[in-house]
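What follows is one structure encoded as structure tokens, with my remarks underneath.
The shown structure was predicted, so the numbers you read here are calculated from the model rather than taken from an experiment. Just so we're on the same page: letters track the sequence lines, and every chain starts at 1.
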Amino acid sequence: MGDESIMYSLDQGTTKTYQIPIGHLDYKFIEKCTDVQHLEKILRVLRSGEEGCYPDLTLFCEKRIEHLAPGSRVLRKDKPAATAADFTAEEWETINGELMSWVAEMNEDDNKPEFLKTGTLHEGQDNLPPIRCSSSCLPAFQNEKFQNKQRNKKNIPRDYSEWDKFDVEKECSKIDESSEENNSKARFVSRPPPPLIEKQVNTTGMTKKEKIFIATREKEKGNEAFASGDYVEAVTYYARSISILPTAAAYNNKAQAEIKLQDWDSALQDCEKVLDMEPSNVKEIVLPVRGEAALGKAEMGNAQRKFHSKGGGSKLEDRGTQKQKESTESGLKKGTEEKKSQKTDHEGEANGYLNSNQTSESPEAGQSSRSHGAGSLSAGAAHSTSLPPAAAKLKSEGNELFKSGQFGEAVPKYSEAIEYVISVGERSPDDLSILYSNRAACYLKGGNCSDCVQDCNRALELQPFSLKPLLRRAMAYESMERYRQAYVDYKTVLQIDSSIQAANDSVNRITKTLIDQDGSSWREKLPPIPVVPIAAQLNRWDGGNFTSEVKPKSPTDINKEEQLQMNREKGEEKFRTLKNEGNDFVKKGKYDEAVNKYSECLKLNTKDCTIYTNRALCYLKLHKYEEAKQDCDHVLQIEDCNIKAFYRRALAYKGLQIYQASVDDLKKVLLIDPNVLEAKKELEEITQLLSLGGVAVADCQQKQRKKITIQEVTDEQEEGQLETAEDVVADNLSSKEAVQKCVPSRTCEKLTISEPSNAYDFGQIVNAVNASKDQSACADLLTITDPKKLPVLLSNKLEGEIFLIFIQSLAHYILGKDPGLVYQHLFYLSKAERFKVVLALLSKNEKEQVQRLFDLLTENQNHQYSLEELDSLKKVYEL
Amino acid sequence: MSAAGLERPQVVVHAQQSLNYTVFDCKWVPRSARLLCLGSAPRGTGVLQLYELRGGRLLLLSEIEKAKPIKCATFGAASLQQRHLATGDFAGSLSIWNLEAPEIPVYSVKGHKEIINSIDGVGGLGIGEGAPEIVTGSRDGNAYNQEERVVCAGYDNGDIKLFDLRTMSLRWETNIKNGVCSVEFDRKDVNMNKLVATSLEGKFHVFDMRTQHPTKGFASVSEKAHKSTIWQVRHLPQNRDVFMTSGGAGSLHLWKYEYPAQRSKKDSEGAEMGVAGSVSLLQNVTLSTQPISSLDWSPDKKGLCVCGAFDQTVRVLIVTKLNKV
């Protein structure tokens, strides 16, 4: 900007205030200027009108500032108050209506003053707090001390009879006390502690209106404290509000603050209160909060083993919140006693999503009855007939106990049942597996994770790939912090039924933990994930029928339909979230993870083109060109003129070095939309590559394929991202920009073949070297060039810059290896055409460089040249 | 105006009433749709008017003339049931009035030799517990009371002093370089949280009063607005982080204070020091060409406020969308 501003100021002068060059009051300048302060000055000049009135330019400048700094003070304008014209008719109506109704309400209160007043004695004298004075607020002990002092004073002139009663020890301890008090007083003065806020508010003598008023006020204080991040204070104020007048909102807010303080138990309690008070309010507000509380509790459980039992379960509950909501809703619809259900819901924790998986076999069966009616229970009973009657009885007893939350008592029941079944010797692996699975659930609830894992293992031996034992084992592993095993189990679960949100979330969570633990190579440390046979997979898009195979005892048909419906909706929802997650990863540049997300998406829906194109983009970024190409191919099969797919396939072809195909695709892109600049640029570049490549490919094919790195300068890439292609086989000739690192090796290879031929080739290379100022490349060039041919090769093209880079590369690279060669080059360089001219035009600094080279040569003198020869050469170089 | 602009709070003039005297202060009567205007009549007497909001207009209910012009008033120490008004006048007397029988004051005392410029109270209106207390400030500045038993006073030389009533000592003082026009705590009945002080030359300072550093005192942020004296600052009773300033050029600015991520940090010696947040402008309007000298939010209706200006007009304003800030 410097030069321009000087130029402008010379041309037109500056403004009177601020001395801004007049040229800056210009659309182009303002558009490019990023200095907000400067723009603000310009705006002030424009507004003042001292350089003339330019309303459009002023507006433009304002917009520019707003774009750069939306909070800038110059943008504040004097505005009249808003009027009806600034609002829509409805808004205006509500604003006025609200006020009118408020006024009416207030007047109504006024008209019956007894409503506001308590009655006869509206402020009893005894109700009034004591008048405060400066000492009344001092802590009690200070008052005492005051009295003590007075007494002491009085006691100082003691008479003899008093001395008789004098107790030395007592007096000593008094002195000690007072000195302590002194200390505490000193502290008090230095920094008064903020007064403690009482959790209770004295509400005697208040009317209901007053109570509401004050309770609201306390709640507002709580909200403010919450907003400022002081959660302890917030909880206190909410408690005060509740002590005046309990409201669901205050409880709910208090729960939220408690969550922030990680006081999970209180939070849960408060949530329960809300539920008790306003059951209809449940869905929107309370459940998320309670879920969070439960989750927090669960996390705490992970940290502290003793809470394990609650941990595993309630974590699940939160993950299942979504579904729980649904089940609660359906429960409401069916008119079941909702309150009761809320409570069971809370104790039974693990139910949410299991309901949605049509489970009938296990303890949860009882709970699913909550929302799905009694069908499932009876189904469970019907199913258990295949057990010996005694075992069936034990099992149902166990189920009952489990339902009522007595997990410890349920374990022996199941154990007995298991023993019985085994002793009877009946081979019914299904039932045995279920029994084991149920016992595992009890263990999990009781926090006995290792036994839970054992039981799950047994259940899985009997019934491989059954969902619940797997899930329970995963949860147990997770609570035992054996994340790898948990991950594998969750993954397996997802293979069986990909719609289990809890498993999905857990996988994500564990992935994070594992990445934290093991770094990027965490996957390598995983045990192998077993492949689930298709027969065992549920909830695929076409997988509805499989359900019956795995779980032959699905409850009622109605339930099934509901389930399917639910699953479908969930699938769509999940698809969307996965896609969004993928997109987020792309934005963050985490292409690997994005690919995973998209792949999961595709498991759900194979028809969405955008997923393919997005994944193709990721593959491109990851240099997996073949995969990218396949994705694009797939899209183009579905949609034959998808412009993104064409473009990305072009890039993939480019990556695969199939330039012709790439050019074809790019042309198609331009055919569809000729305005795609990126495509045009790519096309140009690739066409160049194509023409250059013809020669180069031939050249390089003669040589052995050798790995070199190629750095493509691809600024015009879509996201402007710099790609560094590594380990790309060098049967490709880089574009002309591809100089930096790859040049040295490549130039010399080329030179050995083409260098001796003519001055033109030599000139080309020298120009390239010169353009990049690559001394090492130049050194290589000089090493393989016969010094005697130098004058011929240079012909009349010797220039100052070329001369200089020769000198530099000779000094820095060749001198160390072969001083003789340096001498030879210098000697023959002096024979070149235009040498004298170039020499005459050298600057002082450059001459010094030449001098230094000669000095070095003198130091490194050897048999290849004598000092006399060097001296004479020096003279030629006019040193 | 852009669509985004409409999402911000808007200030609407709901009613306005021109007066035949200079209005110094206006106050909402708690739990009612009535408001009080008080000031100085041309002949040098004091005027106190009671208006009621009815159908978009202000209806004069009663008017009383007093010997001395009344400068300021507060309901801060009155109970919700009694709603006694405390006023300070040009002669330095503090009087308490029963508005239903306004002929003689319930209580009157001459506290200052000169004008009482400011008055504030605690213990009433369900704000804070404990005995009602009133504090007055004379020629030498403004004063406001607070639950933590502190009084803050601003002086015309730019000093702000915080007095601790429990120990009867000066707890903190600072200087903001320009005369202090108005100081207010964001709430009276919580532990000191924030203090806003406005000044003559159009700047205001927000102090975070939670953390007091032994040497540096309280952290603060300042903002320039109005291009003229900021006469008054008033916090929204329903949200302490929103406040309105009134300017000498007849403008009102509505601000929001944003807390920093961490409100305190340790300095190099390990002492706690506060961290100031930032203020953002929510809305600004110009209502008059004359200074707006008084401002009062309704304690009962969020967003309703009244302001009196030296163009001898009192305006009832509605600020919309305060729930969304």
Among A:L99, A:T216, A:V103, residue most engaged with chain B (heavy-atom pairs, under 4.5 Å): A:L99
What option among A:E105, A:E98, A:E220, A:E224 has the most heavy-atom pairs under 4.5 Å with chain B?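 Most heavy-atom pairs within the cutoff with chain B belong to A:E224.
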Quick one: what part of A:N96 sits under 4.5 Å from any heavy atom of chain B, side chain, backbone, both or neither? side chain
For A:K79 and B:T286: C-alpha separation, side-chain torsions, deciding distance, then whether side chain to side chain contact (heavy atoms under 4.5 Å, CB included) applies. CA-CA 6 Å; A:K79 275 179 278 186; B:T286 306; 5.9 Å; no
Tell me, side chain or backbone of [X] under 4.5 Å from chain A's heavy atoms, or both, or neither?
| X | value |
| --- | --- |
| B:S298 | side chain |
| B:Q262 | neither |
| B:T320 | side chain |
| B:R34 | side chain |

Are B:F204 and B:W255 close enough that their ring centers fall under 6.0 Å?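 Yes, the ring centres sit under 6.0 Å apart.
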Contact leader toward chain A among B:L252, B:N239, B:L287, where contacts are heavy-atom pairs under 4.5 Å: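 Highest number of pairs under 4.5 Å: B:N239.
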Highest number of heavy-atom pairs under 4.5 Å with chain A: which of B:L304, B:V285, B:I318?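 Top option by heavy-atom pairs under 4.5 Å: B:V285.
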Side chain to side chain, B:D300 and A:W102, heavy atoms closer than 4.5 Å: yes
Would a 4.5 Å heavy-atom cut-off, applied to side chains only, mark B:M273 and B:S264 as touching? no
Between [Y] and [X], is the closest basic N to carboxylate O distance under 4.0 Å?
| X | Y | value |
| --- | --- | --- |
| A:E233 | B:R210 | yes |
| B:R263 | A:D230 | no |
| B:K321 | A:E91 | yes |

